[in-house]
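First the structure, in the form of structure tokens, and then the observations on it.
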Amino acid sequence: MRAVVLALTVALVVPEFAPDKTYVYNYEALLLGGLPQEGLARAGIKLNSKVHLSAINENTFLMKLMDPLIHEYAGIWPKDPFVPATKLTSALAAQLQIPIKFEYANGVVGKVFAPAGVSPTVLNLHRGILNILQLNLKKTQNIYELQEDGAQGVCRTHYVISEDPKANHITVTKSKDLSHCQERIMKDVGLAYTERCAECTERIKSLIETATYNYIMKPASAGVLIAEATVQEVHQFSPFNEIHGAAQMEAKQTLAFVEIEKTPVVPINADYLARGSLQYEFATEILQTPIHLMKISDAPAQIIEVLKHLVENNVDMVHEDAPLKFVQLIQLLRFSTMENIEAIWAQFKDKPAYRRWLLDALPSVGTPVIVKFIKEKFLAGELTLPEFIQALVVALQMVTADLDTIQLTASLAMHEKIAKIPALREVVMLGYGSMIAKHCVAVPTCSAELLGPIHEIAAEATSKNNIPEITLALKVLGNAGHPASLKPIMKLLPGLRTAATSLPLSVQVDAILAMRNIAKKEPKLVQPVALQLVLDRALHPEVRMVACIVLFEAKPSVALVSSLAGALKTETNMHVVSFAYSHIKSLTRITAPDMAAVAGAANVAIKLMSRKLDRLSFRFSRALQWDFYHTPLMVGAAGSAYMINDAATILPRAVVAKTRAYLAGAAADVLEIGLRTEGIQEALLKSPAADESVDRITKIKRTLRALTNWKDLPNNQPLASAYIKLLGQEVAFVKIDKTIIEELATGPKPRQLLKAALKALQEGIALQYAKPLLAAEVRRILPTAVGVPMELSLYTAAVAAARVNVQATITPPLPEEIETMTLEQLKKTDVQLQAEARPSIALQTFAVMGVNTALIQAAVMARGKIRTITPGKVTARADILKGNYKVEALPVEVPEHIAAMSFETLAVVRNIEEPTAERTVPLVPELAVLVIILDFSFQSSENPDEVPVRAPAPFDKTLCLAVPYIEIKGCVELHSHNAAFIRNAPLFYIIGQHSARTVVLAVAEGPAVERLELEVQVGPRAAERLLKQISLIDEETPEGKAFLLKLREILETEDKNRPVSSESSSSRSSSSSSSSSSMSSSRVTKYLAPHGASKKVSSGSSASSFQRIQKQVNQLAKFLGNAVPPVFAVIARAVRVDHKLLGYQLAAYFDKPTARVQLVVTSIAENDNQKICMDGALLSKHKVTAKLAWGPECQQYAVTAKAEAGVLGEFPAARLELEWERLPITVTTYAKKLSKHIPMAAFQAGFRLERVMNSEKEIELTAALPNQRSLNVIARIPEVKQKRATLTVFLKLYPSNTVVFFIMLWRCLYTTSTLPCSCGCTVSYYHWSYSNRTIDRSTESSSVRHNIEVSVHH
């Protein structure tokens, strides 16, 4: 017998079934979803049955299931038992027990036959058994690999054949890598516009799929017999790196031989139809959402029922389950026929509320029936233009892009009624291009004939020089992104075809941009074309820069990027050089995996280019790239911005901004906005604003004047254009020309709009509006080895509702003919407004992984909910004549929770025969149960070193904050219970239950609040409205004297800083040199003189200066309220039933002779002397000072600021000083923490800190402009440590990615008085390159004589 086994090992015979026998097997299939850790909840199904196999002829067999039984599971694994789904089994028993036919030869399953009464779902269960019988055994090899056909597609399969002489059998092990398939059976929804980031998943994967088949083969008379077969398949998914934990779908199958019977399997009396092959057949999974299971018996009646629920329960505020009901409505519409939808529309089209809900739901259905319905209703005049555009845009993005739908969209674009409305035709045409793009994602071998009509339109428009039509055709081809369109696009590219050079610049740019989506599919085709355009110096610079964008989006190689870098060395156009250099340099910092090769190429190329290009200013064109990618979580974001300038233009020629996102191995261009100003540039160049000999202010004035004279602009030329892209697809674009400006300018005047608004308010406005939105529907449906589909999906739906009532009382009443009302009459009008609003929003998000069929659903689900309700009731009054404006907030009925958020993870199972018997179990069980499970697992574990894990108690906390005066408090109730105790990973922190609820409560003690008031009084009556007399300190008090002393010091410093002659400066400098030699440190203050100041000051003016200072101090020390009335007053208060004053008032004073402003905020409560005082004064034309004080009588804390403009040496400069006496402990605490990071931040930025004595209550910043391209900055910042630190920096900034710092360290001696001195200067030069973070330093030391002023404080 052993010889037989050995012979089988060398030349294995495939399994065979004798024609006169029936082989009986026990079959069990199990499919479970959840986390692999025991003690957590799982959901799944199990099928038990006997399988009878018998042969009809040599290659045709019958298979029949006997005594099938379906079980459900939703519980704590492995504690809870499976529950029999008796009703579902009974309903399917008849189908399950119908024999099916299949072809089987040499271990390979061929065609499958079944009667029409066998549903695809039941037939797929049979395929799951046939999949076990699929064996491609080779006679000459024991270990080999091949691509094998199976239920899930043609995938990589590895075979290992071995013998067991003792057991007298042969073992066959077959393993499948379901992530590497030539043909993978799957359905994706909502992923057409995403890109697979292959580089993101090279080392780390978010979805791993594998299957292992083990066979025990025993010799039999007819060959070999499958004695036992076991299958284990795992689908592991995590939105993050799977190393940090992942959810699993695990499928297990067991097929065990029982006996051989003589009774053959008899087919039923029905036609056996060819039903495909072994590969899985999709049924109604696409139409069936995984978040609920609905038994659809009468779709129209159920649609009407859900529609009425949505309309009736979302009036005053949105219903909590409105998003879920909206998804149900969409699902019911997906199962409806055209006739059903027509009947429902006819019933509700004249009811506005029902009509809006239908028009919001129909586009999200995503079936070809809906596109046809929308088209017919618009052509019949039953849809308005805004309704049609909104519905069509959404429908074209949601619909399945098959050939019939594409043809339907094409016929719609060519319809006569659509063609008469250019904007509408553009929307349809862009949607047509997007449809082709989606179709080619689903069918990679899509035909180029689909774009034939667009190619013809482009060719005809080119022959007729129809520029708008050429532009539209290019944008459609750009959306489609089919490689076959490259040739027609190249005919419109400049330089490559002579005919294209005569086209406008905008067309040439659009032709280049149309290659971007092609570059994602066939980068090798686009790269040489784009590089040729970049290097062609005969082309317009904008064309070359746009081609540079396309080149780098095509991910060029090192050779191409190096070729570009070499060509830029001899480039004469500095805009092209700046754009390409900045683009390459920004790419060196990219960290996204899909751009890693480009980043490496950019790092090589940047070394070939001159560092002098870093000094190019921002007036040259630039490209910026920024990104962030976190590898452990597989998430990232990227942004890019392109600014294209021109030496001959005033405004940028083009600005483009784009954002990109990465998640779970996929990438997508989320949003892109572009703006071009080509036409307006030429118009401005013809105006006097283009004169280069005038200064910038004059240029700006002339430019504004040119823009106001818009009637002189050309009629036939667009002035500007803009476009917007979503998910890489252009959805809208607009060209602004003189016609559009005329339409806007000739529209309703502001005065007419105001009168119309007042009339509407007087009549009253009552509005109830609800807006639903299916924000996300992303799905991936995969067959499992069992024959049951599993699904990964994400749904997000939201509903917003609001009820608004507005009523106005106008005195005197408006005239009947409001058009005759004058502005003077309007000013004398007293308007009282009452408004009540109750806006609310409900949002629900579902993330599902599990089984989703029309018969049964078993899945683990994450469900998030957000609901907010913010009611409000206000009254407002505007008395324009008296200058009084008042707003009152009145009490309203507040719901129990004004905002509630919850997130929970569940295991759910439900079947169609018992829809109300849904079983739901939290994924993370309660504390006591979980501890028992984990302890039990530990006791039965084979690993004696395993430590039991105890779950912590759920986190519960309530945070409350009482609002003073209005007697209410807001509380936030927090609850969290997760599985982080099992593993410290992001996924385990997420799963569980989390909630946050916001509650607004009335404080029990204290009088009730009637209303909140905010009143503004402007003009001379402001003083009358103040509820509390305002009084401040004067110069007789100690506090007043201190203020006067400080103010006098500021003015004296200003007087001393007046310029003196150079002779007196040098003499003072020489005298100070000897008297200060024994000192060790100094405090440096800058010589800052006002612009245009006199160069000489008479020595005999000291007396007059003192008198002037004393007079100015006396003026500024006075409280303005004693001399002038307030300009305006603002009172905010809470009105209580006991009429106690609570709140604040603000009074604003202005004294024109002294150019002084004073704001005083006081509490109107009795015995409350808290005040905030803000005082500002214009001391001279070049100096302003301000003081902020607060606390009791504004005496507790104070901050003084002074700003001045002048010259530093011979350069224009400005200085800002900030001083304080005392600050709150909170401010100083955080300031100390922040100061600890300043030295390191300064060092990393290339600064040097020099430690010298410095005031710890002062910050000073001085900036000077040596020329238009550089900036000198001097900063003095206090150090919290005992050692004082002064940062004195001369900073020269070049507008590029490289920054050059000139750091001048002044080392001076000081004396006990204020006098000038001579200082030695060390100049350090730092060059900091962002690309490699290296610092090159060269230092020069010299004795430089400078006249500076040294102030010393003991």
Side-chain angles (χ1 to χ4, degrees), residues 192-193 195 396 401-403 405-407 409-410 413-414 425-497 499-500 503-504 506-533 543 546-547 549-551 553-555 669 672 674 723 725-731 733:
Y193 300 136
E195 307 164 29
L396 292 180
D402 54 19
L403 294 177
T405 311
I406 292 174
Q407 295 301 325
T409 308
M414 304 304 173
R425 181 170 178 267
E426 291 171 2
V427 171
V428 179
M429 292 286 285
L430 292 174
Y432 178 71
S434 299
M435 292 278 289
I436 295 175
K438 288 199 298 182
H439 175 69
C440 292
V441 169
V443 184
T445 58
C446 59
S447 172
E449 295 179 359
L450 296 172
L451 288 162
I454 308 302
H455 294 166
E456 293 175 2
I457 291 174
E460 183 180 355
T462 304
S463 63
K464 296 180 180 179
N465 200 28
N466 188 342
I467 303 304
E469 198 71 2
I470 297 175
T471 300
L472 180 58
L474 286 172
K475 291 181 179 293
V476 175
L477 295 177
N479 275 0
H482 198 288
S485 299
L486 185 59
K487 190 172 182 180
I489 292 174
M490 290 178 63
K491 294 179 179 179
L492 301 172
L493 292 177
L496 303 178
R497 294 291 185 273
L503 294 174
S506 61
V507 174
Q508 300 176 22
V509 170
D510 288 335
I512 298 173
L513 292 177
M515 298 190 296
R516 295 171 74 184
N517 282 337
I518 300 176
K520 295 178 181 179
K521 300 177 181 178
E522 297 291 342
K524 298 298 182 182
L525 295 178
V526 176
Q527 288 170 2
V529 177
L531 182 61
Q532 183 178 350
L533 293 173
V543 171
V546 173
I549 296 175
V550 176
L551 174 64
E553 288 191 358
K555 301 177 182 178
D669 294 331
E672 180 179 331
Y723 70 86
K725 282 187 174 185
L726 293 175
L727 297 175
Q729 296 291 303
E730 190 162 340
V731 295
F733 70 95

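Just so you know, these numbers use all the heavy atoms, side chains as well, and skip hydrogens, waters and symmetry mates.
- Within the 4.5 Å cutoff, the side chain of Leu403 has heavy atoms near those of the Leu450 side chain.
- Closest non-hydrogen pair, Ala448 versus Ala484, comes out as CB-CB, 3.4 Å.
- When all heavy atoms of Tyr193 and Leu727 are compared, the pair lying nearest together is CB-O, 3.5 Å.
- Ser485 places no side-chain N or O within 3.5 Å of a backbone atom of Gly481 that could act as its donor or acceptor partner.
- The shortest heavy-atom contact between Ala480 and Leu451 is CB-CD2, 3.7 Å.
- Glu460 has its side chain out of reach of Asn466: every pair of non-hydrogen atoms, C-beta onward, lies at least 4.5 Å apart.
- Between Ser434 and Gln729, the closest side-chain pair of non-hydrogen atoms falls below 4.5 Å.
- The CE atom of Met515 sits 12.5 Å away from atom CG of Leu477, with the distance rounded to the nearest 0.5 Å.
- Atom OG1 of Thr409 is separated from atom CE of Met414 by 11.0 Å, given to the nearest 0.5 angstrom.
- Heavy-atom minimum distance, Ala473 versus Ile457: CB-CG2, 4.4 Å.
- Side chains of Glu522 and Leu486 form no contact here, defined as non-hydrogen atoms less than 4.5 Å apart.
- Lys475 places no side-chain N or O within 3.5 Å of a backbone atom of Glu426 that could act as its donor or acceptor partner.
- Atom CG in Asp510 sits 10.5 Å away from atom CD1 in Ile470 (nearest 0.5 Å).
- For the pair Glu553/Val526, no side-chain contact is recorded, criterion being any heavy-atom separation below 4.5 Å from C-beta on.
- Side-chain atoms of Asn479 come within 3.5 Å of backbone N or O of Leu430 as a donor-acceptor pair.
- Among all heavy-atom pairs drawn from Leu492 and Ala511, the shortest one is O-CB, 3.9 Å.
- Side chain of Thr405 to main chain of Ala401: no donor-acceptor pair is present (N/O by atom type, distance under 3.5 Å, no hydrogens or angles).
- Between the OG atom in Ser447 and the NE2 atom in His439 there is a gap of 8.0 Å [rounded to 0.5 Å].
- Looking at Val546, Val529, Leu531 one by one, the single match for side-chain contact (heavy atoms from CB on, under 4.5 Å) with Leu551 turns out to be Leu531.
- No side-chain donor-acceptor contact under 3.5 Å links Lys521 to the backbone of Pro483.
- Put simply, CD1 on Ile489 and NZ on Lys491 are 12.0 Å apart, with the number rounded to the nearest 0.5 Å.
- The backbone N or O of Lys555 sits less than 3.5 Å from a side-chain atom of Gln527, completing a donor-acceptor pair.
- Taking CE of Met429 as the start and CD of Glu730 as the end, the distance is 12.5 Å to the nearest 0.5 Å.
- Taking 4.0 Å as the cut-off between side-chain N and carboxylate O, Asp669 and Arg516 do not count as a salt-bridged pair.
- In this structure the side chain of Leu525 never reaches within 4.5 angstrom of the side chain of Ile518, judged on heavy atoms.
- The minimum heavy-atom distance between Val543 and Pro494, with the atom names listed, is CG1-CG, 3.7 Å.
- Under the 4.5 Å side-chain criterion, counting only non-hydrogen atoms from C-beta, Leu503 is in contact with Ile467.
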